[in-house]
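Remarks on the structure that follows.
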Amino acid sequence: MADPSSYRPKPGEIPTDPGVYRFRDEHGRIIYVGKAKNLRSRLNSYFANPETLLPKTHAMVHHAASVQWTIVGSELEALQLEYTWIKEFAPRYNLAFRDDKTYPYLAVSMSEKFPRVQVMRGERRKGTKYFGPYTAGAIRETMDTLLRVFPVRSCSPGVLRRAERSGRPCLLGYIDKCAAPCVGRISEEDHKALAQDFCDFMGGEAKRFIGTLEKQMGEAVAELDYEQAARLRDDVIALRKVFERNAVVLTEDTNADIFAVEQDDLEAAVQVFFVRGGRIRGQRGWVVEKVEDASDAELWEHLMQQAYGGEESQQDSIPRQILVPELPTNHEYLAEWLGGLRQGKVSIKVPQRGEKAALMDTVHANARQAMMLHKSRRAGDLTTRSLALAELQEALDLPMPLLRIECYDISHVQGTNVVASMVVVEDGLAKKGEYRKFSITGDAAIDDTASMYDVISRRFKNYLAEQETRTQSAPATGEVGAEASEPVRSKFAYPPNLVVVDGGVPQVNAASRALADLGISDVAVIGLAKRLEEVWVPESDFPVILPRSSEGLYLLQRIRDEAHRFAITFHRAKRGKAMTASILDTVPGLGPAKQKTLLAHFGSLKKIRAASLEELSQAKGIGPVLAGTIHATLSNDSENAAAAPAVNMTTGEILD
């Protein structure tokens, strides 16, 4: 734990301008990002008497080792910069939002040549319009119904390419649930217009399309075209079925997002109803981990940032009106910022009475239910993870909690294509974004211990180099200039409390020796041997035996198995690439595209070998110089192949 007085800036050094400040830990990792109208006033409050600080603030300032700040031109700029850095670096002591992935979205990829309708979850993609979220059953039914009226492409890219090559549409094209742009039944422009109609209907213009179809149905009846009238009647029924599924709650000109929250001292469950055209079009939920001390107004400010900050490409997703139980801090700047994203006016209000206040009560009831469900689901999982980490810390006699564990595994086949994997677990949960792969060559690939020494050395050499660079490039405490305002991105994150290697005493000693040679003494090393699941520690004649029912042992097994899976996947990919290598890969200046062109021109590698310089020069993109290089490389390869003795692959006999 650091003493805040050791890095406290002098009061006169801190400007009184608006800006954004960042607390960093001893490893240079950003642990908290905040903004202030007056930087001097805000930062001085963190270095007050520790007894007056709230517990979470007290923990943060004692965990930090430095503080930096950046001056901006206005509070609006501070709001934008704060959001950008929180989103990018996910500081440990800022509010942590975990999106509820229960509800999928109906998405239309308008940026593609042939737009595609599909069900999507997770992060939003640029150039794609989203509608919802819906429940899993409702979204499938809605999509299936609308494809009858708007037969937009819904197949995967692989199916689309296969249909284009064969000239035959997929099943959906035959049953009229796809306009089949892949085979030219509809032009690219008309298909995009059809996709836009789909988006317009989902965006709230249902009555226009229903009215148009009813008019066409009347015209068909007048012309005695009863078959066409029947088809139009079925289309109208389908559209009404989708349109009437959403309950009317407000007047038809109301477009608003209505938020509510249920919270305790540690977490908050947030719910939002999306009202478009007076109807509830969808629902979404978050769970907020309250790791920073924030008032309700500050909580709502962060919520607005998280809910709409990533919507730059989704202007239609931000409504004219946002209804919340309490006005967020800086709500005027928030409204201005959101108005810029929407390219139109946005108002943030608190409903006091009437239909909107009654609907907010309904949203709050959903938030309360979501909080109860989250607590019941998480209780067992959180308890188990905490128990496993506590058991490991006690069994290994470690002084620090195991906040971060890294596990390494070596994979090869008889010493060929040697690779290694690094998997990361934080607070008992896998952090896949920080997994790493290593290729091992030369003397390091001799055996597993040499490979393990090499991998551990490379990982921690990178860490030490990043620490040195960060120390030289940025002051410990003080103002950060414009040219240095962007935080340093690391190839590896901060070091683990525990390194786990897949293996026994030799692998453990190799990893321990690598850390010792680098001068690192505060990282524990253990090995998990597969035979009896024994836990080995460096320089020990006897293993640590964990009970078979131990949660700590289960955690180590899961980490070890994940490292093994990740290493095997990388090894297979590398081995497959090596098996498909060609002599053409060794020709300088001959890239994959020209290799493909050359093979297409001659038909086979055998014919390329037999070709003359003049014939090689006739291939597209192959000039005289490159043709000479190709001819020389293949000629040398042929001579080497001729010099090698022939072998009978069945008996192993060397043939004359």
Side-chain angles (χ1 to χ4, degrees), residues 109 111-116 125-127 153 155-170 180-184 187-189 191-192 411-419 436-442 444-445 491 569-649 654-656:
S109 55
S111 59
E112 294 189 50
K113 179 182 178 181
F114 299 126
R116 177 189 178 192
R125 301 175 184 174
K126 189 175 182 180
R153 170 205 159 207
C155 62
S156 67
V159 173
L160 177 67
R161 288 193 295 270
R162 189 161 58 246
E164 288 177 329
R165 287 195 301 266
S166 66
R168 293 178 298 176
C170 63
C182 53
V183 295
S187 68
E188 181 181 341
E189 294 76 16
H191 185 264
K192 281 206 170 183
S411 180
H412 58 84
V413 173
Q414 296 182 347
T416 62
N417 299 311
V418 183
V419 300
R436 295 292 182 268
K437 300 178 289 189
F438 301 83
S439 291
I440 304 171
T441 57
K491 183 177 180 180
T569 302
F570 181 39
H571 171 72
R572 286 174 178 168
K574 188 175 181 181
R575 186 180 63 196
K577 186 176 181 181
M579 292 174 68
T580 59
S582 166
I583 183 61
L584 295 178
D585 295 331
T586 65
V587 179
L590 189 66
K594 289 185 178 179
Q595 288 182 33
K596 188 176 180 180
T597 301
L598 200 62
L599 287 168
H601 181 83
F602 288 98
S604 69
L605 181 60
K606 183 178 180 180
K607 292 182 178 180
I608 297 174
R609 289 181 188 275
S612 65
L613 282 173
E614 184 179 351
E615 290 171 334
L616 288 171
S617 300
Q618 292 175 357
K620 183 179 179 181
I622 307 297
V625 176
L626 183 56
T629 305
I630 296 171
H631 190 270
T633 303
L634 297 185
S635 297
N636 292 335
D637 182 65
S638 298
E639 292 174 2
N640 294 334
V647 179
N648 185 322
M649 300 306 294
I654 298 178
L655 305 176
D656 293 332

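Keep in mind it's a predicted model, so treat the numbers as computed, not measured.
Closest approach of Pro115 to Lys113, counting heavy atoms only: CD-O, 3.6 Å. Considering all non-hydrogen atoms of both residues, Ala163 and Val183 come closest at O-CG1, 4.0 Å.
Note that the NZ atom of Lys437 and the OG atom of Ser411 stand 13.0 Å from one another [nearest 0.5 Å]. To the nearest 0.5 Å, atom CG of residue Leu590 and atom CG of residue Leu598 are 6.5 Å apart.
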Next on the checklist: Assess the residue pair Lys192 and Glu189 against the criterion (side chain to side chain contact (heavy atoms under 4.5 Å, CB included)); give the C-alpha distance rounded to whole Å, side-chain angles, the decisive distance to 0.1 Å, and a yes or no.
Outcome noted: CA-CA 5 Å; Lys192 281 206 170 183; Glu189 294 76 16; 5.9 Å; no
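Partners of Ser439 according to the side chain to side chain contact (heavy atoms under 4.5 Å, CB included) rule, which considers only residues two or more places apart in sequence or in another chain, are Phe570, Lys574. Listed by chain and residue number, Asp190 satisfy the side-chain hydrogen bond (donor to acceptor under 3.5 Å, both in side chains) test with Ser187 (two or more places apart in sequence, or in another chain).
Looking at Arg116 and Ser156, their side chains come closer than 4.5 Å, going by heavy atoms from C-beta outward.
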Under 3.5 Å, side-chain donor or acceptor atoms of residues 612-629 against the rest of the protein: list the pairs with distances, not counting sequence neighbours.
unit_1: Ser612; atom_1: OG; unit_2: Glu615; atom_2: N; d: 3.3
unit_1: Glu615; atom_1: OE1; unit_2: Ser612; atom_2: N; d: 2.9
unit_1: Ser617; atom_1: OG; unit_2: Leu613; atom_2: O; d: 2.9
unit_1: Thr629; atom_1: OG1; unit_2: Val625; atom_2: O; d: 3.1

